[in-house]
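Each chain gets a letter, A, B and so on, in the order its sequence line appears, and its residues count up from 1. Source: prediction; values computed, not measured.
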Amino acid sequence: MTPRDKNIAQIIQSFSCLKPELYGKDFLLTWDKSLDDLKALMHTAEILQALHWKGKNFRIFDHGLAISIFRDNSTRTRFSFASAASILGLTLSELDEVKSQIAHGETVRETANMISFLTEAIGIRDDMYPGEGHTYMLEVADAVSEGFSKGLLPSRPAIVNLQCDLDHPTQTLADLLKLADYFGCLERLHGKKIAMSWAYSPSYGKPLSVPQGVINLMTRFGMDVTLSYPEGYDLLPETITSAEGFAQASGGKFRITHDMKDAFADADVVYPKSWAPMAVMQQRTTLLRSGDKQGLVDLEKACLAQNATHTDWECTEAMMKLTKGGKALYEHCLPADISDVSCKQGEVAKSVFERYRFDTYEQAGFKPYVIAAMIFLSKVQYPHSVLSAFSK
Amino acid sequence: MTPRDKNIAQIIQSFSCLKPELYGKDFLLTWDKSLDDLKALMHTAEILQALHWKGKNFRIFDHGLAISIFRDNSTRTRFSFASAASILGLTLSELDEVKSQIAHGETVRETANMISFLTEAIGIRDDMYPGEGHTYMLEVADAVSEGFSKGLLPSRPAIVNLQCDLDHPTQTLADLLKLADYFGCLERLHGKKIAMSWAYSPSYGKPLSVPQGVINLMTRFGMDVTLSYPEGYDLLPETITSAEGFAQASGGKFRITHDMKDAFADADVVYPKSWAPMAVMQQRTTLLRSGDKQGLVDLEKACLAQNATHTDWECTEAMMKLTKGGKALYEHCLPADISDVSCKQGEVAKSVFERYRFDTYEQAGFKPYVIAAMIFLSKVQYPHSVLSAFSK
Amino acid sequence: MTPRDKNIAQIIQSFSCLKPELYGKDFLLTWDKSLDDLKALMHTAEILQALHWKGKNFRIFDHGLAISIFRDNSTRTRFSFASAASILGLTLSELDEVKSQIAHGETVRETANMISFLTEAIGIRDDMYPGEGHTYMLEVADAVSEGFSKGLLPSRPAIVNLQCDLDHPTQTLADLLKLADYFGCLERLHGKKIAMSWAYSPSYGKPLSVPQGVINLMTRFGMDVTLSYPEGYDLLPETITSAEGFAQASGGKFRITHDMKDAFADADVVYPKSWAPMAVMQQRTTLLRSGDKQGLVDLEKACLAQNATHTDWECTEAMMKLTKGGKALYEHCLPADISDVSCKQGEVAKSVFERYRFDTYEQAGFKPYVIAAMIFLSKVQYPHSVLSAFSK
């Protein structure tokens with residue numbers, strides 16, 4: 001079934017009892033949102049996708065800017081944001097911090113207002129430095145709140161987290177939508193076993209936000225989440241604590257293991273992906289700030305060497321055989337480091353990736369609609385009736 | 001009162017007697033425009049702003065490009081132009097001279113036509129070299145006039161000066177709109193005292209267009225304009241002569257002092273802002289053209305040293321006490337060099353800037369509508385009836 | 001007569017008997033298209049241009065992306081693509097391969113799908129490496145075909161060749177439209193003599209796609225095509241073979257000479273333009289791939305020296321005198337290397353270029369509509385009725 005065949009009226013009906021509180025709000029962290037918020041978001045994303053596939057329009061703006069600020073590279077998220085802007089009727093504008101005058105020492109508080117006079121949404125990626133990305137987004141959010149409350153801005157732009165140091169909600173909600181689609185519905189995810197596992201990559205400095213986001217989102221829907229990584233590749237401690245709390249609250253499970261096979265055993269879903277040890281990311285931030293180039297070179301070398309002792313953390317066919325019926329769903333946020341394709345040895349064996357290639361594309365394909373839904377629900381006070389009208 | 005509360009019909013009525021001649025014209029220098037032109041421009045900007053705040057649409061295009069050419073960095077103006085393009089229904093496209101083939105030795109005359117086949121407006125920032133920016137804009141203007149008259153272009157794009165070596169009209173008209181708003185209306189500005197003053201900054205090479213533009217615009221509305229700067233920081237002589245003429249014609253005043261306190265004494269408005277001495281800008285242009293890197297380094301050093309002898313030219317609380325009732329309005333085009341915020345010592349004390357922070361934001365907030373009004377009035381032959389229709 | 005004065009109904013009528021098969025197809029090479037395809041394309045471009053000049057709208061999308069991928073610099077084509085996107089109702093988005101994560105080793109197959117979830121058209125310029133550009137475009141095309149057929153993309157983006165190593169169809173079709181316009185209609189081109197000639201330029205590495213494209217397009221319409229170049233500046237052999245075949249099929253002529261005067265003698269049209277010898281381009285690709293910087297410097301030096309032995313290959317007034325009545329039409333894809341303007345000595349004498357300046361602008365002015373027509377005909381199943389509706 002493609003999104004074209006979905007019954008939109010039914011989906012709208014199915015979430016009419018939810019009480020989301022997303023109107024006028026930003027979307028920064030899934031764990032700050034209620035379950036109703038998350039469900040409404042996913043249903044809306046699903047509906048927007050179905051509307052688009054049916055050739056129906058859901059343009060809610062006839063002008064205004066959607067601004068993206070990318071402090072790290074991006075393809076998927078960049079085009080997802082551009083697509084969401086276009087389909088909602090907004091003009092895309094990228095804030096290139098190099099071309100602007102921001103280096104002059106202008107404050108975030110000021111810049112945020114300066115770019116917002118006709119702006120409806122601001123998407124930000126700032127994922128490189130632990131302790132910084134989320135803080136920066138809050139600063140932007142506070143600044144536009146102040147500008148709006150002082151009567152300087154006609155409307156308050158919605159801030160959308162396109163990946164920070166803590167969470168990557170547009171990704172993990174797309175991941176979750178894929179799971180709901182794959183297993184039939186959100187409810188069926190209860191009790192399903194997912195292995196969020198570290199995997200070897202010959203690269204360095206990959207952010208922690210995906211694994212942190214996955215363990216804190218999937219646990220809320222009652223999944224049995226196992227986080228696995230080699231000793232030393234810890235995530236931020238508070239994200240572990242919260243995942244434990246979510247698992248308990250939902251009747252799901254959460255545990256950590258340092259054995260990839262243990263995590264994969266009997267899993268319904270595997271999500272093998274590399275990340276840098278938190279300690280390395282923190283050290284790197286310190287070195288970058290002090291401008292210590294030699295220190296950075298040494299750190300990269302040490303980190304790559306550390307990684308290289310864990311090349312056995314690869315999602316091979318043998319590993320996949322351990323999963324439920326040998327047929328767990330493979331998820332990845334892409335691009336994956338595929339052995340013998342993008343590198344000599346990486347996160348996943350070529351044959352495994354090939355088998356799930358279109359699943360990963362489908363997973364990525366939810367992202368533009370997740371972003372559109374975040375803006376939509378922040379800007380539309382009565383989403384049910386507006387969605388119903390568009391689906392006519 | 002926010003723009004949302006304005007009575008649009010009344011504003012339209014109030015300028016129905018004006019005879020602007022902006023249709024089909026570019027907006028390069030305020031001093032080439034009649035008083036009626038300037039008033040019509042400001043009223044239109046005010047109306048467009050009010051329409052937007054009321055959630056009303058004033059899209060006059062359903063396709064076409066608005067092209068920006070930035071030969072210097074920009075945040076505010078870049079996003080203002082993008083916003084104006086979006087709200088008028090145009091697609092924004094930036095001409096990045098690095099990515100294009102222009103370096104091949106293509107002429108301005110040719111490029112201007114090549115980018116204009118479906119273009120309605122071209123905004124240009126070229127403010128670095130005395131004697132160049134305005135000349136370049138005229139060249140672009142002539143080229144598209146020729147293309148249009150030869151039947152090669154279906155319509156002639158309107159050229160908008162986003163800052164040149166002479167003037168910065170989108171800024172100074174926003175400055176003036178803020179003054180009109182602050183004091184009640186344009187008419188009340190007559191006789192009000194404004195100090196356009198140089199201020200210390202630990203930077204170098206700031207353009208002269210803002211002070212030149214301010215003294216040539218505010219004098220036209222009968223203001224009592226004092227220009228103050230340390231000896232050696234002269235503006236272009238012809239801009240002084242014209243400001244004197246405007247003051248005389250409007251019943252305003254214009255004088256120069258080399259004492260900041262003298263300028264601030266009893267002022268209703270202060271506009272303390274750094275700029276480079278004209279002579280330095282000219283020398284710099286010569287050195288840049290000859291590729292004399294050492295000369296440029298030496299010039300920067302000498303200029304910063306010269307600046308450093310004038311650190312007392314700062315808009316401090318003590319300075320502000322000298323103004324009318326100690327309560328003059330502080331204006332700045334932003335970003336300001338704020339002491340202890342963006343630099344150790346700069347143009348303005350932190351406490352002064354903080355007190356007027358939202359006034360400066362409001363001032364900046366007029367800019368998107370000033371740009372939109374420039375394009376609107378160049379493209380719409382009967383603005384009154386079109387504006388009336390949109391406000392229904 | 002400007003495009004504003006054209007009788008659209010008549011043009012629509014005139015090609016109602018054609019059976020183009022462009023719906024759902026890419027536009028990569030003119031020689032892969034039928035004569036009906038090419039004629040329908042040109043008539044549609046002409047109609048879209050006339051509609052725009054008459055102030056009529058032909059927006060067929062109300063959202064969606066048009067993505068451009070420029071692997072080489074561009075002004076004309078960049079803005080032509082932007083204009084086409086805007087007028088069709090698409091949001092322009094450029095894929096900047098530097099800012100994206102593509103360098104990570106992501107496959108073309110993957111990226112192509114990742115950017116296409118809401119994308120209607122992808123324009124690609126990749127003209128630097130013989131054997132690469134067209135291959136890359138096919139790879140992108142195959143990837144989105146696969147994504148579409150697997151149900152991952154709601155529609156298949158149309159791929160438009162904005163210049164590859166083989167052909168430059170948006171340019172050569174604009175060239176041909178200019179010829180049809182100049183001589184009255186396509187039919188009158190039969191038997192007209194065109195000299196596609198190499199010309200001297202003090203630059204290096206210019207692609208071969210324009211001459212290859214011209215000889216393979218003009219021969220299809222019965223023109224008498226002479227290709228002239230100094231020994232050693234051969235084009236790709238297969239493009240020669242196909243041009244010979246096309247001339248034979250259409251009743252036109254095709255021959256090669258190494259004497260510029262011979263080519264110009266009695267010509268109705270001349271197209272003097274520099275290109276690099278195929279062998280140099282191939283060597284350069286090898287050197288670039290192996291990262292041999294010294295080799296590249298040496299090659300450039302050798303190539304410029306080789307060029308410099310042919311400075312007599314210039315389109316001078318004397319050369320023009322040899323053409324039919326001394327009044328052949330001069331064509332160029334721009335920017336031209338004009339002697340004493342963009343370089344000391346180049347492809348064309350200043351006085352010749354000046355005489356045909358506006359002809360070259362008019363030629364370039366067709367390009368936005370050629371691109372728009374390519375997207376239009378790929379996306380609209382019944383173009384006649386849709387065009388008729390727009391022209392009402």
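Counting heavy-atom neighbours within 6.0 Å of C:Glu21 CD, excluding the residue itself, gives a total of 12 or less.
Residue A:Ala82 comes nearest to C:Leu65 through the heavy atom pair O-CD2, 3.8 Å, listed as atom of the first residue, atom of the second, then distance. Across all their heavy atoms, C:Ser93 and A:Phe79 have their closest contact at OG-CE2, 3.7 Å. Smallest separation of non-hydrogen atoms from A:Ser86 and C:His63: O-CB, 3.6 Å. Taking each heavy atom of C:Phe117 and A:Tyr369 in turn, the nearest pair found is O-OH, 4.1 Å. In plain terms, the two heavy atoms of C:Pro154 and A:Arg4 that are nearest each other are O-NH2, 3.0 Å.
Between C:Lys150 and A:Tyr361, the closest side-chain pair of non-hydrogen atoms is not below 4.5 Å. Between A:Thr75 and C:Leu95, some side-chain heavy-atom pair lies under the 4.5 Å cut-off.
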Between C:Glu110 and A:Arg76, is the side-chain contact (heavy atoms from CB on, under 4.5 Å) condition met? List the steps. CA-CA 10 Å; C:Glu110 186 169 309; A:Arg76 264 148 293 275; 3.6 Å; yes

Could you go through A:Arg357 and C:Thr107, starting from their C-alpha distance and side-chain angles, then the distance that decides it, and tell me whether this counts as side-chain contact (heavy atoms from CB on, under 4.5 Å)? CA-CA 12 Å; A:Arg357 173 181 288 280; C:Thr107 59; 4.2 Å; yes

Step by step, work out the side-chain contact (heavy atoms from CB on, under 4.5 Å) result for C:Glu146 and A:Phe358. CA-CA 10 Å; C:Glu146 190 186 41; A:Phe358 299 120; 3.4 Å; yes

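Only the side chain of A:Leu92 comes within contact range of chain C, judged by heavy atoms closer than 4.5 Å. For C:Leu90, no part lies under 4.5 angstrom from a heavy atom of chain A. Contacts of C:Asp62 with chain A are made by both backbone and side-chain atoms, with heavy-atom separations under 4.5 Å.
C:Asn113 CG to A:Leu334 CG: the interatomic distance, rounded to the nearest 0.5 Å, is 10.5 Å.
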